[in-house]
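Taking it in order: structure first as structure tokens, then the write-up.
Below, chain A is the first sequence line, B the second, and so on; all start at residue 1. Computed over heavy atoms, backbone and side chain alike; hydrogens, waters and symmetry mates excluded.
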2 protein chains.
Amino acid sequence: MQPLFRRLSYYSKLTDEDGKTLSGMSLRDHSYAPGEDIIRRGEKTSQVFVIKQGWAVRYITLEDGRTQVLNFMLPGDIFDLQVFLDDEVDHSVAAVTKVTTTVVNSDSILSLFAQGSSIAAALWWTTVQEEGILREQIVRNGRRTARERVAHLILELHRRARIVGDAGADCMELPVSQILIADCLGLSFVHVNRVLRGLEKEGLIKKNKGVLTILDRAKLIETSGYSEEHLHLNGPPRRLSFMAVAE
Amino acid sequence: MQPLFRRLSYYSKLTDEDGKTLSGMSLRDHSYAPGEDIIRRGEKTSQVFVIKQGWAVRYITLEDGRTQVLNFMLPGDIFDLQVFLDDEVDHSVAAVTKVTTTVVNSDSILSLFAQGSSIAAALWWTTVQEEGILREQIVRNGRRTARERVAHLILELHRRARIVGDAGADCMELPVSQILIADCLGLSFVHVNRVLRGLEKEGLIKKNKGVLTILDRAKLIETSGYSEEHLHLNGPPRRLSFMAVAE
DNA sequence: CGTCCTCTTGAGTAACTTCAAGTATTGTGG
DNA sequence: CCACAATACTTGAAGTTACTCAAGAGGACG
């Protein structure tokens with residue numbers, strides 16, 4: 001549960017005690033090979049899992065094979081607090097790299113909420129963050145040019161990787177093919193390639209064996225119109241507002 | 001709270017008692033003129049409100065004026081159960097028509113959850129539904145053609161309007177300008193116009209003074225690839241899975 | 001070492017946008 | 001209730017962005 005703990009404690013004060021609590025919630029680990037499905041659309045699942053290692057994607061495929069990546073999942077990301085409805089999930093999740101997940105005891109999550117733990121507030125915050133990322137995805141793909149989209153996505157992914165400690169100040173491992181980037185941004189992979197090469201030629205980024213380096217962050221932000229509001233980086237409150245009611 | 005009750009009881013069995021409970025939660029109403037903002041990005045709000053009458057949009061505007069509509073809000077739609085974080089909201093909501101909202105006492109929502117009311121399950125379901133709609137929006141705008149997008153949106157809006165009793169079997173009031181449709185689908189309004197005229201010429205739809213009629217549903221579904229999985233129309237369970245735990 | 005997948009680049013094309021100008025519709029103040 | 005203004009709709013023509021097709025190069029993997 002390290003990545004989750006790191007993510008939750010990035011802006012929220014969690015104690016060592018909280019760390020132990022989190023570790024205790026983890027039931028068992030599971031590994032997936034690159035490309036393997038972790039959850040398939042239409043399945044019913046009452047399980048909550050956390051990405052422990054590696055990258056995954058939430059995605060939906062149309063009948064004719066067109067696929068849309070909804071969002072990337074990094075270590076510390078959770079699927080899915082909404083699971084309590086016991087309904088069929090409406091999208092799939094696949095491993096991008098080798099992925100390790102931890103299945104979490106959902107009862108223990110619930111008791112965290114019942115107890116008013118600050119972990120619960122942090123978990124709630126992650127779902128707000130996730131929704132913010134989804135909304136930003138809609139704006140990005142709906143109203144930005146290809147160039148803006150690519151630059152914007154790079155900045156977002158770097159930031160998210162950095163939060164869980166998987167990236168340097170201006171560089172990161174980006175284990176994502178241009179095909180996936182295209183499926184995320186609603187573009188053809190050929191065009192994504194051209195845009196990336198363009199950004200490289202202009203000296204904004206550099207890519208070398210899966211490591212992406214941001215060479216000119218200021219220009220990258222300028223061309224993408226990137227801002228971080230949607231990530232809700234102020235972090236969770238120590239308690240959810242409704243917890244105060246119970247006191 | 002009529003529209004909310006209607007929406008919740010569309011697939012879930014709610015008693016008259018539940019109806020009264022819902023009515024009792026409503027604190028006060030508020031009206032908005034067309035175009036007026038109901039909530040502005042960056043505001044903090046700890047209020048939950050329900051659309052009682054009229055249509056609204058969730059939207060985000062970029063610095064240079066480009067606007068993306070995230071989603072339409074119909075009577076019975078809720079903003080926003082995520083509010084308990086007491087954080088700044090990351091998008092705005094504006095009235096499209098004249099809109100009446102009801103502000104809801106968030107404490108009473110919480111006690112519904114505490115009591116394990118079936119209303120709580122239904123409310124949770126609406127948030128799952130809303131997320132499904134957001135995801136479908138990403139797929140639609142990312143991987144469908146303009147023609148598919150327009151047809152798809154029409155079918156979705158009709159379905160949602162019908163659930164709250166605001167539409168006939170194949171016709172509905174669609175109080176939405178082509179400009180808004182364009183901002184929702186990530187297209188120019190000129191192109192939306194051409195696509196709509198095309199669909200009319202081919203006899204798939206008809207529009208007359210704000211009333212849209214679906215003339216050939218089968219073809220409309222065929223050209224759009226529409227399916228309703230994302231609306232989670234099986235509806236909420238009577239109880240959330242975690243409520244069983246508490247028993 | 002060969003196969004498969006990803007990346008790269010060019011050339012031609014299709015989908016959608018922008019610009020522009022005119023028409024209908026809706027709202028508003030006298 | 002009418003006249004006028006403002007907004008939304010419609011259509012054409014030209015331009016641009018991004019797509020498709022194609023073919024070769026570079027890497028990863030068994």
Side-chain angles (χ1 to χ4, degrees), chain A residues 33-36 55 57 62 64-69 94-98 140-153 173-201 205-212 223, chain B residues 33-36 55 57 62 64-69 94-98 140-151 153 173-201 205-212 223-224:
Chain A
E36 194 178 349
W55 285 41
V57 277
L62 302 182
D64 61 2
R66 286 178 286 182
T67 80
Q68 175 69 46
V69 167
V96 174
T97 61
K98 185 175 183 308
R140 179 166 57 204
N141 291 0
R143 282 296 179 227
R144 295 189 195 274
T145 65
R147 189 187 158 87
E148 291 172 327
R149 289 183 215 180
V150 171
H152 193 278
L153 180 64
E173 274 199 46
L174 187 69
V176 168
S177 72
Q178 295 180 6
I179 296 172
L180 268 183
I181 294 175
D183 282 339
C184 176
L185 299 178
L187 299 167
S188 70
F189 69 87
V190 176
H191 199 56
V192 166
N193 178 271
R194 282 191 242 266
V195 170
L196 280 172
R197 310 275 18 254
L199 292 175
E200 280 196 57
K201 256 175 207 156
I205 59 169
K206 186 175 74 180
K207 223 193 153 195
N208 205 331
K209 299 193 190 218
V211 175
L212 183 137
T223 56
Chain B
E36 194 178 349
W55 286 41
V57 278
L62 303 182
D64 60 4
R66 285 177 287 181
T67 298
Q68 176 67 46
V69 167
V96 175
T97 62
K98 186 173 182 310
R140 179 166 58 204
N141 291 359
R143 281 296 177 230
R144 295 189 195 275
T145 65
R147 189 187 158 87
E148 291 172 328
R149 289 183 217 179
V150 170
L153 180 65
E173 276 201 44
L174 187 70
V176 167
S177 71
Q178 296 180 3
I179 296 171
L180 268 183
I181 294 176
D183 283 338
C184 176
L185 299 179
L187 300 165
S188 70
F189 70 89
V190 176
H191 199 56
V192 167
N193 178 271
R194 281 191 242 267
V195 170
L196 280 172
R197 309 276 18 252
L199 292 175
E200 280 196 59
K201 256 175 208 157
I205 60 170
K206 186 174 75 178
K207 224 194 151 192
N208 205 331
K209 298 195 190 215
V211 174
L212 184 136
T223 55
S224 65

Extract from the structure each pairing of a protein N or O with an N or O of nucleotides 5-8 of chain C at less than 3.5 Å, listing the distance.
| from | atom 1 | to | atom 2 | distance (Å) |
| --- | --- | --- | --- | --- |
| C/dC7 | OP2 | A/Q178 | N | 2.9 |
| C/dT8 | OP2 | A/Q178 | NE2 | 2.8 |
| C/dT8 | OP2 | A/N193 | ND2 | 2.5 |
| C/dT8 | O5' | A/N193 | ND2 | 3.3 |

Mind checking what makes side-chain hydrogen bond (donor to acceptor under 3.5 Å, both in side chains) contact with [X], not counting sequence neighbours?
X      : answer
A/E148 : A/T145, B/R66
B/R147 : B/E202
A/N208 : none

Sequence neighbours left out, what passes side-chain contact (heavy atoms from CB on, under 4.5 Å) with [X]? Give chain and number order.
X      : value
B/E36  : B/Y32, B/A33
A/E200 : A/R197, A/I205, A/K207
A/R194 : A/V190
A/I179 : A/S177, A/D183, A/F189

For the helix from C/dC1-D/dG30 to C/dG30-D/dC1, what angle lies between the axis at the first five pairs and the axis at the last five pairs, to 10 degrees? 60°
Contact class for A/G186 vs. all strands (heavy atom < 4.0 Å): base, sugar-phosphate, or nothing? sugar-phosphate
Using the salt bridge (charged side-chain N to carboxylate O under 4.0 Å, His left out) criterion, which residues pair with B/R144? Sequence neighbours excluded.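 Per chain and number, B/R144 pairs via salt bridge (charged side-chain N to carboxylate O under 4.0 Å, His left out) with B/E136.
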Strictly below 4.0 Å, heavy-atom distances to any atom of DNA chain D: list the hits from residues 142-150 of chain B, or just say none.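 Output list: empty, so none.
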Rounded to whole Å, the NE2-P distance (A/H191 to C/dG10) equals 15 Å
Outermost contacting nts on DNA chain D, any atom under 4.0 Å from chain B heavy atoms, listed 5' then 3', are D/dA8 to D/dA13
